[in-house]
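Here's the structure, in structure tokens; my notes come after.
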Amino acid sequence: MTRVSLSRLPGERVLAVEDGGERTLALAELPSYVAGREGDGPRWVWDDTARWYPPLLAAGVRVARCHDLRLGHHLLRRAPAVEARLLAGEQSEHWDRLGPSTPSDPALFAADDTAEHLRANLEDARQLAAVARASGPGEAARLELLLAAESAGALVAAEMTYAGVPWRVDIHHHLLTDLLGPRPPRGARPALLQAAVAEVREALDAPGLNPDSRPELLTALRRAGLEVTDTRASTLRALDHPAIEPLLRLKRLSHLFSTNGWAWIDQWVSGGRFRPSYQPAGSATGRWSSNGGGALSFPVQVRPAAVADDGWTFVVADVAQLEPRVLAGMSGDRALARSARGADLYQGMVDDGAVASRNDAKLGLLGAMYGATSGESGRMVAGLTRRYPAAFGLVEEAAKAGEHGEVVRTLLGRGSPGLGDPWDLDPDATQVDPDSELRLRRAYGRFTRNFVVQGTGAEWALCWIADLRNRLWRLGGAGPLESRPHLVFFLHDEVVVHTPVDLAEDVAASVAEAAATAGALLFRDLPVDFPLNVSIVRSYADAGKPGATAEG
DNA sequence: GATGCTAGCGCC
DNA sequence: AAAGGGCGCTAGCATC
């Protein structure tokens, strides 16, 4: 396949390099150039999809394939099968340092320093060589798949931000007004929030109390005879006092007001679309993170405002028990794969005679993946290890490796950050004291234990949305992205597709076919089912409800 | 006035 | 006796 690498040159120009030669063009010509070449199906190679792709989308140009060098570089640098030395060379220290471009720093090609003018073709050659020489049977092919999926994910992320989630501001406003009262002036509390404050003050006999201040609130609660050391809702719920009900209501309303209130609408909804910003591979495990809009917590409370356009609908799909299924596939555990047949893996474990109840199955599996060693969950792990030795053994090995300070990897070859790298630790923690050293190793062991499953789950999900993206494109007519069925939301194991109503059933079928494709790509040796819950709904809030299910 | 941290909440 | 992974966002509070 032809690879065309694009690099920015000083003076609003672009260098395009491919096997047959190179040419330069004006930045303004880029969309028409890319659109013209796209027919040959090249893989576009660029430093950062989040910088190159949005202007193309804005010009109505969609690309089929790309290779994101920034994501590739970071991935390969940590991949245990890759020799780091192969990635070193001209400008490579710049690639090491290249961070994601963020919405707050959007200026495509703004500055004129070296980092702005990295030669994509040089880095591309190094990455290709590093993958080709990966050590171990099948490693190069797995890394190729991972890089392709990672880059496809970056395309999806840019397209979703571009298209946005259809958002009915009028419905959102209604919702806020019903719960909080009319929009208050800046700095003031909405009426119903203020009313809750008054009730709390009254019930605690604390007329001047500012309930937003933890210390003040704690003092007031103690003065009322409530022995609490924190002000969490779960703590308060256990108490019996007239102040508790208004206080919990106040917390709920206050959270809605501050996180998804009018200010949120002003900032993140425009032109009837909610456009969060996604950061592919933003977390160490390869899961996406987000740096604006709060895409990772799309609160149930405001989902009613996500409503498809007239004549359009949403197809919402999530995978049932993704990570346990991934664990079955990557460990080659035939017993667990057998239990995973059908819609409910936990029930499958019960039917298999492995556990007495669905809840026990869930406790045991989650405990194994998160590192629970005690309580009910810990006890279930012990019993299930005998029943599913390969699956439970795999996470156990990953935990041991972590406790020994070793790096672990996902199925496709993403490496975990090392114990010395900043993964989630207090950088000031000087571990002289052997106790904290042990705690640190245990914590790292829990991280590596979870890393292998969560990371491979993220790989499955990337393959899923990458394949789905292509299927959706083929379903549509001849128009631009937003005139065809297209992804508008993705979160770990769930997708939302915005589609013309008459294509909804085809989209639902595509989502399931893409899931099967992803499973086959990752776990060719051991077939594992990845059943989906699929809903065809006008509003996101209706997804998953009885009657919304599209197909079995 | 900017910055960094925590508590608490939300999502998977 | 208790012991669970990954994220983001806001407000308050401390610090410089």
Side-chain angles (χ1 to χ4, degrees), chain A residues 102-103 187 189 210-218 228-237 247-248 250-261 263-264 267-268 276-303 318-324 326-327 362-381 395 398-399 402 408 410 416-417 423-424 426-428 438-439 442-458 460-461 489-495 540:
Chain A
T102 64
R189 288 194 184 94
N210 169 17
D212 294 333
S213 161
R214 262 187 315 269
E216 275 191 48
L217 183 56
L218 270 178
V228 286
T229 53
D230 65 71
T231 63
R232 264 179 236 136
S234 58
T235 304
L236 299 177
R237 234 183 303 272
L247 185 50
L248 290 173
L250 169 62
K251 276 173 164 286
R252 213 170 43 242
L253 294 180
S254 171
H255 190 258
L256 173 65
F257 176 57
S258 59
T259 61
N260 293 100
W264 180 89
Q267 186 171 7
W268 296 108
S277 146
Y278 299 89
Q279 200 173 303
S283 95
T285 58
R287 273 189 177 182
W288 291 14
S289 62
S290 118
N291 52 12
L296 267 66
S297 65
F298 200 136
V300 172
Q301 261 188 318
V302 298
R303 287 187 192 187
D318 69 72
V319 193
Q321 305 131 350
L322 172 62
E323 288 175 358
V326 162
L327 176 57
K362 188 172 177 175
L363 276 175
L365 263 177
L366 292 181
M369 293 188 298
Y370 290 159
T373 56
S374 72
E376 220 180 325
S377 186
R379 280 193 296 283
M380 296 314 306
V381 172
V395 285
V408 296
T410 61
S416 65
W423 54 286
D424 189 19
D426 180 1
D428 300 332
L438 184 65
R439 270 203 302 277
R442 290 244 170 91
Y444 185 66
R446 283 193 299 278
F447 170 69
T448 52
R449 172 193 290 274
N450 187 253
F451 178 93
V452 294
V453 182
Q454 187 184 120
T456 306
W460 182 92
F489 188 69
F490 165 63
L491 182 57
H492 308 323
D493 63 357
E494 175 170 10
V495 293
Y540 189 16

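Side-chain atoms are counted along with the backbone in the values below, which use heavy atoms only and exclude waters and symmetry mates. Each chain gets a letter, A, B and so on, in the order the sequences are listed, and its residues count up from 1.
No more than 12 heavy atoms of other residues, nucleotides or ligands shown are found within 6.0 angstrom of CZ on A:Arg442.
Side-chain contact between A:Leu256 and A:Val302: present, with at least one pair of heavy atoms (C-beta onward) separated by less than 4.5 Å.
Within the 4.0 Å cut-off from OP1 or OP2 of C:dG12, not a single side-chain nitrogen or oxygen of A:Arg214 is found. One finds no side-chain N or O of A:Ser254 lying less than 4.0 angstrom from the OP1 or OP2 phosphate oxygen of C:dA11.
Residues passing the side-chain hydrogen bond (donor to acceptor under 3.5 Å, both in side chains) test with A:Tyr278, sequence neighbours excluded: none.
Without hydrogens or angle criteria, A:Thr235 side chain to A:Thr231 main chain gives no donor-acceptor distance under 3.5 Å.
For A:Asp230, whose side chain is taken as the heavy atoms from C-beta onward, the closest listed nucleotide among C:dG12, B:dG8, C:dG5 is B:dG8. Minimum atom distance to the side chain of A:Ser289 is reached by C:dC7, of the listed C:dG5, C:dC7, C:dC13.
With hydrogens and angles left out, the side-chain atoms of A:Asn210 and A:Glu216 include no donor and acceptor closer than 3.5 Å. Defined by atom type and a distance below 3.5 Å, a donor-acceptor pair is present between the side-chain atoms of A:Thr285 and A:Gln454.
No engagement by A:Asp318 is indicated, since no non-hydrogen atom pair under 4.0 Å with the nucleic acid exists.
Rounded to a whole Å, the CD atom of A:Gln267 is 11 Å from the C1' atom of C:dC9.
Comparing A:Thr285 and A:Ala295 against DNA chain C, the residue whose closest nucleotide sits nearer the 5' end is A:Thr285.
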Distances for protein N/O vs nucleotides 9-12 of chain B N/O pairs under 3.5 angstrom?
from   : atom 1 : to       : atom 2 : distance (Å)
B:dC9  : OP1    : A:Ala233 : N      : 2.5
B:dC12 : O3'    : A:Asp493 : OD1    : 2.4
B:dC12 : O3'    : A:Asp493 : OD2    : 2.9
B:dC12 : O2     : A:Arg287 : NH1    : 3.1

